[in-house]
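In what follows, a single structure is set out as structure tokens and then discussed.
Every value quoted in this text rests on a predicted model; they were computed, and no experiment measured them. To find a chain, count down the sequence lines: A is the first, B the second, and so on, and within it residues start at 1.
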Amino acid sequence: MQFRKNNRLLLKKDFDCVFENPKRTKDSNFTVLYKKNSKNYPRLGLIISKKNCKLASKRNRLKRIIRESFRNNISKLKGHDIVVLNKHTTYNNDTLVLIKSLMRHWIRISKEK
RNA sequence: AGAGUUGGCCUUGCAAUCGCUGGUGAUACUUAUCACGAGAGGAAAGUCCGGGCUCCUUCGGAAAAAGUGCCAGGUAACACCUGGAGGGUGCGAACCCAUGGAUAGUGCAGCAGAAAAUAUACCGCCUAAGUACUCAAGUAACGGUAAGGUUGAAAUGGUGCGGUAAGAGCGCACCGCAUAAAUGGUAACAUUUAUGGCUAGGAAAACCCCACUUGGAGCAAGACCAAAUAGAGAAGUGCCUGAUUAAUUUCAGAUCGUCGAUUCCGAGCGAACUUCUGGGUAGGUUGCAUGAGAUAGUUGGUGACAACUAUCCUAGAUGAAUGAUUGUACUCGACAGAACCCGGCUUACGGCCAACUCUUUCU
RNA sequence: GCCCCGGUAGCUCAGUUGGAUAGAGCACAAAAUUCCUAAUUUUGGGGUCAGAGGUUCGAAUCCUCUUCGGGGCA
């Protein structure tokens, strides 16, 4: 249930690695890219663009929601590197809607195994 | 009750569980675990001003450039704040003002209008004196005049009386303007008196003048540790000219470079060779939170604020920490997220309290 | 975080310093030309000068604030 620096994508290399031939799932709120890694824990990268969400406080809110959802489902996602991108309407939605949307993504990824 | 003005304060509270980032302590031993305690704002925003801090040769002078602009005070400083003066807005509480100089100089004002800054004379008014026509009455401008009219944003003091041929600061009274003096005030300025008699229009947010201020760049500053690869720094010896000395010993001067990112000058530093030390891009560490600090009290001051005393330590990330869930209470939670740090200004926005003003109704 | 530019017609830009007519090219519409179209010629429409406030008789232009867009510094 822990979420530490190990579980994050920090370097540009790691991001580039995911962007080469990723698998992807989409809906109206998020685009999720993912790829198998060689480790036995998952890693999360966030790309919340300033163009799609202008206010800093709203960007922070999105990041927190995504991280919290990731943390709660960390056991399902072992062995994947995951990158989440936002859409330009995402920040208008309620927290519950976003969490449900994220759950659908996590389930799809865990089925891929 | 409604409408409004000013000032101050707050920015959901409490409990539980699971997480995130620093700190302290312990255990393992350098990265984990456990315990304790801490963790966004009034605007953290815009980056519009002013500082601290750091580097640039933290030196001096001149010009240029930029900024500020009633007076006094506050402050580290300011384009900020406080108090006052003058002007303006509002019935009022109150609020607003880039508010020095147009008599240093240059330039500007389309169209309209006679005339737009050395005033002038289109329509007008007058015919007293003098002149022309005429016997005279009268007519007239090549004479006098600027009261009235027209234009325009703006027309060269205003009103009234006297005066006159008609008029005119031509004379007088009041207002206004200018100058001088006196009084009050630290001052801005105000009041009074005397004198002058239109000369003094607008615009300085056009150039400009006067007074005051300002060196430049910015934490992606800068410092340290450090692969590859190319540069640097320190010490010693020496120089082109002249003088001097036992001596390349000492002194003076010239030339070139540097004086960064407005330019120039001065001062300072440097110039060639040898030896030694090494060197800093990716990355990391640091800068980095004890400060023009906060809270409370006392004193001084109209106030901004200052002084003193006591107590306290209160975010520090770096793909960037503050969240989620549950319960509960209410007024049902707006604007919004620190990134070197402060003081302001501006903009966004939810509420509470106090004082005051106006209107209406009732007593 | 710090620094610096820009916003004018559907599009690309002048005009801003130095204040008094908002202009050019392309595009659009109409007419002429042609058997028809293109090209050409002529004519026309289209502008809160990013927004608000101030200075001024008068502001796209000067001053202040806001807003949107873009760029640089590793």
Worksheet item: For atom P, what is the distance between B:U150 and B:A114, given to the nearest Å?
Response: 12 Å

Fill in: P atoms of C:C4 and C:G54, separation to the nearest Å
29 Å

Discussion item. If you assign each of A:Asn60 and A:Lys63 to its closest nucleotide in RNA chain B, which residue comes earlier from the 5' end?
Written reply: A:Lys63

Worksheet entry | Nearest-neighbour nucleotide for the A:Ala56 side chain, B:A338, B:G19, B:U322 considered | B:A338

Worksheet entry | Quiz item: A:Arg64 side-chain donor-acceptor pair to B:G337 base, under 3.5 Å | yes

Discussion item. I want to confirm an ordering. Mapping A:Lys58 and A:Ile65 to their closest nucleotides on RNA chain B, which one lands closer to the 5' end?
Written reply: A:Ile65

Practice prompt. Round to the nearest Å and state the distance from A:Leu102 atom CG to B:A324 atom P.
Written response: 14 Å

Worksheet item: Rounding to the closest angstrom, what is the interatomic distance between B:G138 and B:G130 at atom P?
Response: 16 Å

Worksheet item: Which part of the nucleic acid does A:Ile47 contact within heavy-atom distance under 4.0 Å: base, sugar-phosphate only, or nothing?
Response: base

Worksheet item: Paired with B:C36 by Watson-Crick or G-U wobble geometry, both distances under 3.5 Å: which nucleotide is it?
Response: B:G23

Worksheet item: Say you pick atom C1' in B:A232 and the same atom in B:A339; how far apart are they, in whole Å?
Response: 35 Å

Discussion item. Holding to salt bridge (Lys or Arg N to Asp or Glu O under 4.0 Å), I want the full list of residues that pass it with A:Arg43, two or more places apart in sequence or in another chain.
Written reply: A:Asp14, A:Asp81

Discussion item. Could you tell me how far apart A:Arg61 (CZ) and B:C335 (P) are, to the nearest whole angstrom?
Written reply: 12 Å

Worksheet entry | P atoms of B:A307 and B:U5, separation to the nearest Å | 38 Å

Item to complete: Can you tell me the pairing partner of B:A182 across any strand shown, Watson-Crick or G-U wobble, with both distances under 3.5 angstrom?
Response: B:U191

Worksheet item: For RNA chain C, which ranges pair as stems of 3 or more consecutive Watson-Crick or G-U pairs, with both donor-acceptor distances under 3.5 Å?
Response: C:1-7 with C:67-73, C:10-13 with C:23-26, C:28-32 with C:40-44, C:50-54 with C:62-66

Worksheet item: Should B:G270 form a Watson-Crick or G-U wobble pair with both distances under 3.5 Å, which nucleotide is its partner?
Response: B:C256

Discussion item. Between P on B:A324 and CG on A:Leu98, what's the gap in Å once rounded to a whole number?
Written reply: 12 Å

Discussion item. When the P atoms of B:A66 and C:U17 are compared, how many Å lie between them, rounded to an integer?
Written reply: 16 Å

Practice prompt. Would you kindly give the CG-to-C1' distance between A:Leu44 and B:G319, to the nearest whole Å?
Written response: 11 Å

Discussion item. If you compare all heavy atoms of A:Lys26 against all heavy atoms of A:Arg108, which two are closest, and at what distance to 0.1 Å?
Written reply: O-NH1, 3.8 Å

Discussion item. Between C1' on B:C18 and CZ on A:Arg67, what's the gap in Å once rounded to a whole number?
Written reply: 16 Å

Practice prompt. Rounded to the nearest angstrom, tell me the gap between atom CG in A:Leu46 and atom P in B:G323.
Written response: 17 Å

Worksheet entry | For B:U359, the Watson-Crick or wobble partner whose two distances fall under 3.5 Å | B:A1

Discussion item. Distance check, P atoms only: B:A40 and B:G316, in whole angstrom units.
Written reply: 11 Å

Worksheet entry | Integer angstrom distance from the P of B:C313 to that of B:C80 | 39 Å

Discussion item. Rounded to whole Å, please give me the gap between CZ in A:Arg71 and P in B:U21.
Written reply: 12 Å

Fill in: Any-strand Watson-Crick or G-U partner of B:C29, both distances under 3.5 Å
none

Discussion item. If I take atom CG in residue A:Asp94 and atom C1' in nucleotide B:U325, what distance separates them, rounded to the nearest angstrom?
Written reply: 16 Å

Discussion item. If I take atom CG from residue A:Asp27 and atom CG from residue A:Leu102, how far apart are they, to the nearest 0.5 angstrom?
Written reply: 8.0 Å

Worksheet entry | Base partner of B:C70, which must satisfy Watson-Crick or wobble distances under 3.5 Å | B:G84

Worksheet item: Under 3.5 Å, is there a donor-acceptor pair between the side chain of A:Ser69 and the main chain of A:Ile66?
Response: no

Discussion item. Nearest 0.5 Å, please: how far is CG in A:Asn29 from CG in A:Leu85?
Written reply: 13.0 Å

Practice prompt. Using both distances under 3.5 Å as the test, list the Watson-Crick or G-U wobble partner of B:C312, or none.
Written response: B:G293

Practice prompt. Using a 4.5 Å cut-off on heavy atoms from C-beta on, say whether the side chain of A:Asn73 contacts that of A:Met103.
Written response: yes

Discussion item. Side-chain N or O of A:Ser57 versus OP1/OP2 of B:A336: is the shortest distance under 4.0 Å?
Written reply: no

Discussion item. Let's test this: given Watson-Crick or G-U wobble pairing with both distances under 3.5 Å, identify the partner of B:G278.
Written reply: none

Practice prompt. Of all the heavy-atom pairs spanning A:Arg61 and A:Asp94, show the shortest one and how long it is.
Written response: NH2-C, 4.1 Å

Response to the item:
For A:Val84 and A:Trp106 the tightest heavy-atom approach is CG2-CH2, 4.3 Å

